Each structure stands twice: as C-alpha cells, then as structure tokens.
Amino acid sequence: MINKIVASLEEAVADIADGSTILIGGFGGAGMPSALMSALIAQGARELTVVNNNAGNGDTGLAALIGAKQVRKIICSFPRQADSWHFDKAYRAGELELELVPQGTLAERIRAAGAGIGAFFTPTAYGTRLAEGKETRRIGDRDYVLEHPIHADYALIKADRGDRWGNLTYRMTARNFGPIMASAANCTIAQVRETVELGQLDPEAVVTPGIFVKRVVKTGATA
Amino acid sequence: MINKIVASLEEAVADIADGSTILIGGFGGAGMPSALMSALIAQGARELTVVNNNAGNGDTGLAALIGAKQVRKIICSFPRQADSWHFDKAYRAGELELELVPQGTLAERIRAAGAGIGAFFTPTAYGTRLAEGKETRRIGDRDYVLEHPIHADYALIKADRGDRWGNLTYRMTARNFGPIMASAANCTIAQVRETVELGQLDPEAVVTPGIFVKRVVKTGATA
Amino acid sequence: MKRMDRNQIAARVARDIPEGAYVNLGIGLPTLVADHIPKGREVLLHSENGVLGVGPKPAPGAEDGDLVNAGKEPVTLLAGGSFFHHADSFAMIRGRHLDVCVLGAFQVAINGDLANWHTGAPDAIPAVGGAMDLAVGAKNVYVMMEHLTKSGESKIVERCTYPLTGASCVNRIYTDLAVIDVTPDGLQVVDMVEGLGFEELQRLTGVPLTRGKAAHGAALA
Amino acid sequence: MKRMDRNQIAARVARDIPEGAYVNLGIGLPTLVADHIPKGREVLLHSENGVLGVGPKPAPGAEDGDLVNAGKEPVTLLAGGSFFHHADSFAMIRGRHLDVCVLGAFQVAINGDLANWHTGAPDAIPAVGGAMDLAVGAKNVYVMMEHLTKSGESKIVERCTYPLTGASCVNRIYTDLAVIDVTPDGLQVVDMVEGLGFEELQRLTGVPLTRGKAAHGAALA
C-alpha cells in the first residue's frame, strides 16, 4: 500500500543534505511551511540554496533559517521588507548571495522545471537591469528575454488537506507557490493541516495531484 | 452589473468572422462544445482555422463543421480515427490544410499564448520529422525544439457550470483543453450545462476564472 | 491651485476604471483606488498572489492570515472570486488579461519608460516583486504618483535616471496636479487641478507637454 | 518454442511495474497491461487526457462519455484519483514525473530510437497524439510489440526505416519472444520464452544481442 504520510516532521526532512537547493512555499506568511522550517533548522543542513518569493519575515520560518546561518544563496523577488532583518543583516555582511528575479518570472521558471520546458521567452524585465547579460529576441511585436527553469532537490510546502497518495488541497491565498514548487523538486514534502482518507478529496478540486508529492506530514491547524 | 451569460447560442457566435482562428475544446467527444458547433454551422463563417486535439468524429461537432466546408486549416495532434471520415475526405481532396502537432506541444503552445510566453523549448519531437525546419538547442543534457504560441480569435469550449462573471467548472475528463483554450483566445465562449448564482462555485474549485471568459451560454445536460 | 491629496488622486483614477474591468492595484498608494470605485460598479480586483475578486478589508478580528493581498494585508473575497497558483496568476498578468494595473513610480519618462523598483543607491537592497510583470503585461498601465519630488523636481522626465521597471509601458500618469497621457506624439494633458494653468504645469514638469483631447480611460477589449 | 500471446506479454510487463509507480499505458496493446497488475499492488495509471488514478472499465450501462482514457474508451476513477487540464497533464509527462510508459511500436533501433506513429506511406494520414511527448518524457519507456512483422522481419532493427517518434528513448522491449534491455552497451536479453535458445533469438532478431544480467524493472526515483 502506498503511504506517503510520514509520522514526524523530523523524519520528513531527515535526508536533506548540505548544499541542497530547496523551494520553500509561501508568500510572506501565507503558505509558509513553518513547521517544516523549524524541523529543517533542528536538522541542521547548511550551505542551502533556497527559493521563495521573499527572504523571510520576522523571526520564524525562512527568516529563522537564515538567522541560523544555514542559507548560502537565496533566489527571490522581494527580499526587502519591514521585517526582513535576518536577511538584511546576512546580506549586508556578505554571508548570503542574492539572485533577484521578477515574481512572475520566478513562478514561470519553477513551473518550467516541473513541466520539462528547457527555457522560455518572457517579455518581463526586457530592457531592465534584471535582463542584463541575458539572451533577448523580438517575436512578433514584443521583445523577450530567455529564462531557464529552476529545478530543486526538495520543495517544502504548506497545504491544507492531504491523503496517503499525496493529493493536496490548499487554503485561499496560501496556495500561491505550492502547486508549482511541488512539481519542480525531486522530493516534495508537504505539511498539511489535516490528513484524510483516500477519496475524501473531490477529484475535481485536487490542486496538486499526488504524483508531485513524496511525503505528507500532518501538523494540525496551528503551524 | 457584469453579465456574461448570453441568451442563445446564435447570439453567442454571431460575430465570428470568416477567416477566424478558433480553438475548439474537447478530446474526441468529451468536452466537445457540440451545441456551439451547431450554432457555428448555422451561422456559416468560412475559411476558418480550427485547433482541436482531433479532426472530428462521426457526423457531429467539429466533423460536421468540416463537412459543411467551413474549415480551411486544422491544427491538431490526432486527425486519423476510425470515424474521422469528414476530415479524411476533405484532406484527401486537398480542401483542408493540416498542421500536425504533438499533443503535449499543442497544449503547451496554447498555454503559452494565454500566459504571454513568446516561445519555449520543448524536448518533444526532437530528432523527428515534426521538428524539421525548427530551431533546436541543447540545454543541459537534453535536446530541445523551439515552439511558438497558438493565439486565437475565439475559443469555443464546453464546461459544466458557469456564473455571470464567467467562472467555470468542468466535468471529469471533459476538462481537457478547456481551461488553456479559454486563456488563449480574444473571445472565449463557453457552453455550460448549468448556470449558477455568483458565489455558488467554490472559489477553491473554480477551474477557469472568469477573466478568461467573455460569454457563457446554457445548453442543459443534453448538448 | 488645489493639489489633490492621495485620496483625491485615487478617486480620479477610480473614475477611469469601467465596469467589468480586471484591475491590479500595486502595493502602497494604488491600493487606495479600491476605496473609491463607485458603489454598484463591478470591478474585479486581481492580486498577484493568486486571487481574483478581492473584496474590502475584513472587519477587525476577522482577518485570516491565509487571505491576503500582494501587500500582505488581510483582505476578503467577493462572491464570485477565485483562487489560483502563482504561475496561473502571472499568466493572467503576462498574457495581457488585465485591463488595468495601477502602479506607483519614482519616475516616468516621456516615452513611457517606468522606474519604480530601485533607487539605484549602491547600498540599497533591491526588491522587484511583480512590478516588472505588471508593467509589461497589463493592457493599460496607469501610474499614480506625486508630480514632484520632495525637493521639487519633476518625476516626469526626459529619461529615467533610476533603473527601469519596464520600457515604454506607461499609458497614463495620475499626479496631484494633472492627468497626462503617454502617446506616440508625446505627453498629452488630459486634465489639471483647479487653479493650475497649462503654462504653470509645463514649467513645473520640465519636459514638453501638449494639451490633449480629454480621453476616456480604459476601454474593455 | 512457446510464443506469448498479447495477454502474456501484458502480464510480463505488469510484473516489472512496482507498487507506487505512475504509469501511462499507450492506446492499443499496452492498455492490456492494466488487467494484469497483481491484485493489491497499487499502481497509478495516468491518461494524457487529464486523469490520474484510472480505474477498471465501467460496468455495462455505467459508461460516462465525460470519463474516458486516451483511447477514448470509457473508464472509471479510483478513490484518490484526480482530474486536470491538458497542459498540466503533459507537464507530468514532459517533466519526467511518470515512472513508466508502455508504448506500442513499428520498430525499435539498437540505440533506442522508436518509430510508432507513422508508416511513412505517402498517402497515409499522419496522427501522432501524445506518443512523442511520452517517448521523451517518461523515466522508463517500455515498448510492447510482436517481435516480427507479419512477413517475418525483425521489428528490432539497426536503424529505423519508419519516421521516428523519439530518438534514443526506449529502455526496454517486451515481445512475444523475449524481454530485451536497450543499454549503452547494446541490446541485452533479459529473458526469453520457454523453448527459445539465445542463438535462435539472435537469428530471428538480426541485430546483435548479448545475454544480459536479469534486470529488475522500473525503480522508483
């Protein structure tokens, strides 16, 4: 019997090696897999490359991972926020490499990795500093920049409900990067509020089919 | 008040001009917008370029449109079937141009049009006859073919339920090309089994948000 | 002359957004526009973090951390709204499905170049978010900003000195002094605040302006 | 020797599909594999028209035209199955999320080239469907075919004479005579039907074969 539900957060993240590339779900706090982040901090993997829309908020989740000096590089669209002090400090100290990517290009690069697309032309950032050094092309009446996929070793995401086949649903705008990140990693680990029996998720409303998910861990409503 | 629900099939297709490019939903009969196709045959627009996975089955839907000699060109992945006699006849008579596209590339080209992607590299068809004359590139350890989006003037699709803002849900595998076609046309027209009040569709389970839909027409369960 | 305050500018922008428009309001100043859309006019607000049909702020105590806008502020969802993932959300933006986006700006150039993400200061931590996607993606890009910097320089310029967000992407500029269209024939003034003459606006702005025909706001395609 | 019939080949393929595998069965012959997956072994069948967790044929009278597989035959959905649109379905295929796909073939070349979509006849109407996507996308591409054509020629060839579906994409060939791995060192025979000797298989096949170590079927990544 297939059973992707693992018993503990510790077990879920146990094999994450130093130097891994990790997609981390969430847009600010919404969808941030905080329980998995805490487990990753306890686990201690270092020299990580992390991909998230932001660079951590406050003292929890991704911010805490940066504070614990486990991150070598961050790929994100919007690092600077009022409460991104852990990132700001590490970045200004030169301890953290930053790759800044427009938000839609970030999403599409992740989606491309999951969909087996080798590269794509996007109009976003054409003529700007973020396209410097990149291949460009005029197609029809628009100018485009060539962008490449972001593949990862792991994706850590937060979903709402999950079953033993790894099917997931999300809750409102906490969905954000979860579904595309799930598709782009070799090993996707989802923390869920609730686990349900097979068949309890409406097949028309499953957002992430289990094919994209390797491990599901239940955290309850609080994490 | 926004109201995308139109009263009749005739009204829904009235402005389709000769020479239009039309995306037609469906995989064989599942998801084929037969009622809209009948209305299009009655309306009489000619010299159409149509995009569908197949080239019509039996004597209804797309097959009937081909039989009525309204189609100049068809872009599809799988024209030849046991019951594709209308296509076969027109094609062998030289009345119909065929652009054969691998099914996944067809889907991705339609999706690219809806998503504002200028072109993309896909591994599909590399080294085959269907990639002849196309730009190729080695990226990492895989070879890719450059493919371009398929934009359309209209999309005619079949959905299950729809509301006055154009939100749609689908029924099982009748979903197939509907959501991506809706995104890739200037004017998307959906025939639905049932129209519902705003708010009756679960916001977590809307498959096609209304932003992609211009007209909704109710046909009931039979069409 | 009577400079408009932030809410007056927002109301002026709102006037130009027709019923049925799909609209993205950038974080900061543009968010105010939502409060000024006339009652009964159905306008669909998109937020790039995966929601269409954004409703008003929740009542105090009714906030939900899983329902936020692009500025990470708690919002509500209208009946008829929907949720989707980030790639789908930016497909809407990049694929030209939004009728209007309203963005703040540091500078707008006479050719419609927009600078709004980075001051270029060497020690600044850059952050771009969805601005570059919105700038190239929306059918109509409206900028909403003060006409002058705090030191009195025009933010409408011959050529942006700050790093660009997008090239030739702005369609219309709303400031505390005027509404100005960016056209192939140059900047055309749509209207000005009470008590401000064209010559005075021209003097304050620095780059060439012409008196435009009154325009009509975003048309739905 | 005892040639395998279609169901025996299908059963041989099914033996190599481990629990938990995500599998796409091509239309025609490969569809039979589903009937031979041992009871109690959970294998998830994908169909490119947007469904994962395909179940057995519906009972007569219970068919639903909206629930079909890639061959447009009525199917059912297992508890735990899900529906998605075509771009997402082919993202699964192209993005290397399927562990196995099983395809029919006209020819397979010694380097793993596959020809299964077009006879090349000038008057044939070509139809490719999802074959090219499956050929490049699945982690393991299994071919299931008769070893010989009706006129007795080997379908395993030095070089395909029919138009290719995919280059160097086949991992393993199941025929009515043998199971053969395509490896960087050439074709390796995994097993043969009862009563068939290696020399006889070599003679029938024409292209060089080696005796391989017994292999183990698809491993889950």
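Just so we're clear, the structure is a prediction, and the values are computed from it rather than from any experiment. By convention in this document, chain letters (A, B, ...) are assigned in the order of the sequence lines, proteins followed by strands, and residues within each chain are numbered from 1. Just the heavy atoms: all of them, side chains too, but no hydrogens, waters or symmetry mates, feed the values below.
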Distance from [X] atom [atom1] to [Y] atom [atom2], nearest 0.5 Å?
X         : Y         : atom1 : atom2 : result
Leu52(C)  : Phe212(B) : CG    : CZ    : 8.5 Å
Ile2(B)   : Glu19(C)  : CD1   : CD    : 5.5 Å
Asp202(B) : Phe83(C)  : CG    : CZ    : 9.0 Å
Tyr22(C)  : Trp165(B) : OH    : CH2   : 8.0 Å
Arg164(B) : Glu42(C)  : CZ    : CD    : 4.0 Å

Which region of Leu78(C), side chain (C-beta onward) or backbone (N, CA, C, O), has a non-hydrogen atom less than 4.5 Å from a non-hydrogen atom of chain B, or is it both or neither?
side chain
Search all heavy atoms of Met92(C) against all heavy atoms of Pro209(B) and return the closest pair with its distance.
CE-CG, 3.6 Å
Winner by heavy-atom pair count (cut-off under 4.5 Å) against chain B, out of Gly137(C), Ala87(C), Gly95(C), Gly40(C):
Gly95(C)
Assess whether atom CZ of Arg138(B) is packed by more than 12 heavy atoms of other residues, nucleotides or ligands within 6.0 Å.
yes
Mark yes when over 12 heavy atoms from residues, nucleotides or ligands other than Lys57(C) sit less than 6.0 Å from its NZ; otherwise mark no.
no
Name the option with the most non-hydrogen atom pairs under 4.5 Å to chain C; the candidates are Asn167(B), Val206(B), Leu198(B), Ile211(B).
Ile211(B)
In terms of heavy-atom pairs under 4.5 Å with chain C, which of Gly199(B), Ala184(B), Pro203(B) leads?
Pro203(B)
